[in-house]
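These numbers were taken from a predicted model, which means no experiment stands behind them.
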Amino acid sequence: MSPGGSHSWRPASIPMIEPEYLAEVLGAASDIALVVDADGTVQSALVNQTTTAYGTLEHWEQKPLVEFLTRESVDKFKGLLKSATSDSPLPRHLELNHQDEFAWQFPVRYSAYQIGTERLILMMGRDLRQIAESQQQLVQAQVALERGYEEKREFDARYRMLLTATRDAFVVLSTSDGRIRDLNAA
């Protein structure tokens, strides 16, 4: 890290990686690594060898990546391609939801880098399924909590209505200390 806070290597200090090891390095640095051309066609798809959740993605190669994206991710990906072809800076991070034959879906956060002179894009992705599952559990817990609050409000409303509608004197005592907790007007 330089004194200014940026991460950089001197050009002479960057190690040359032999082509036969590059795929292993990219696969280890990300869960999914894709090389996509300017038309959006997947030229290469690598999967981290420690993850078996994706299987192999070789069937993605030489096909448009949009075939493996959910509807809401297609526009994000097309925006990335537009940036790449217009010499605009690529969005540094991009979250895309993948689908494959509608059998499974998974979210991935990609870092995108323009490589080579042929306008190829290297997309190094991290699986967001655990985060998405945690968010889903949080939403379900929130819904259950809201449902519980709503049931309690309904119970309280019926209780208050019963207290006011009853003509007889009505007192609610605490069983632990014998104190009056509630009573009606009668």
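The two residues Leu34 and Ala45 make their nearest non-hydrogen contact at CD2-CB, 3.6 Å. Closest heavy-atom contact between Leu69 and Phe77: CD1-CB, 3.6 Å. Minimum heavy-atom separation, Thr166 to Leu162: OG1-O, 2.6 Å. Across all non-hydrogen atoms, the minimal contact from Ile32 to Val108 is CD1-CG2, 4.2 Å.
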Kindly determine whether Leu163 and Phe170 satisfy side chain to side chain contact (heavy atoms under 4.5 Å, CB included), including the steps that lead there. CA-CA 7 Å; Leu163 278 179; Phe170 197 82; 3.1 Å; yes

* Asked: How far apart are the C-alpha atoms of Lys76 and Leu94, what are their side-chain angles, what is the distance that settles it, and do they pass the side chain to side chain contact (heavy atoms under 4.5 Å, CB included) test?
  -> CA-CA 8 Å; Lys76 292 182 201 177; Leu94 182 68; 3.9 Å; yes

Q.
Would Phe68 and His98 count as a ring pair (Phe, Tyr, Trp, His ring centres under 6.0 Å) here? Give the steps.
A. CA-CA 5 Å; Phe68 306 104; His98 288 282; 8.1 Å; no

**Q.** Chi angles and distances behind the side chain to side chain contact (heavy atoms under 4.5 Å, CB included) call for His93, Arg109
**A.** CA-CA 7 Å; His93 296 289; Arg109 181 181 176 110; 3.1 Å; yes

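Side-chain atoms of Lys63 do not come within 3.5 Å of backbone N or O of Val42 as any donor-acceptor pair. Not a single donor-acceptor pair under 3.5 Å links the side chain of Thr41 to the backbone N or O of Asp37. Here the side chain of Asn184 pairs no donor or acceptor atom with the backbone of Arg167 at under 3.5 angstrom.
Note on Asp182 versus Arg160: salt bridge recorded, some NZ/NE/NH1/NH2 to OD/OE distance being below 4.0 Å.
Counting non-hydrogen atoms of other residues, nucleotides and ligands closer than 6.0 Å to CG of Leu145 gives a total above 12.
Proximity of Val47 to Asp31: side-chain heavy atoms (C-beta onward) are nowhere separated by under 4.5 Å. Using a 4.5 Å heavy-atom cutoff, the side chains of Gln114 and Leu120 are not in contact.
With sequence neighbours left out, Asp75 forms a salt bridge (Lys or Arg N to Asp or Glu O under 4.0 Å) with no residue at all.
Note that OG of Ser111 is 9.5 Å distant from CE of Met123, once rounded to the nearest 0.5 Å. The distance from the CZ atom of Arg181 to the OG1 atom of Thr175 is 9.0 Å, given to the nearest 0.5 Å. Taking CG of Leu46 as the start and CH2 of Trp60 as the end, the distance is 12.0 Å to the nearest 0.5 Å. Within the model, atoms OG1 of Thr70 and CD of Gln99 stand 6.0 Å from one another, a figure rounded to the nearest 0.5 Å. A distance of 12.0 Å separates OG of Ser73 from CG of Leu80, quoted to the nearest 0.5 Å. How far OH of Tyr110 is from CD1 of Ile121: 12.5 Å, rounded to the nearest 0.5 Å.
The salt bridge (charged side-chain N to carboxylate O under 4.0 Å, His left out) analysis of residues 140-150, with sequence neighbours excluded, yields the pairs Glu150-Arg153.
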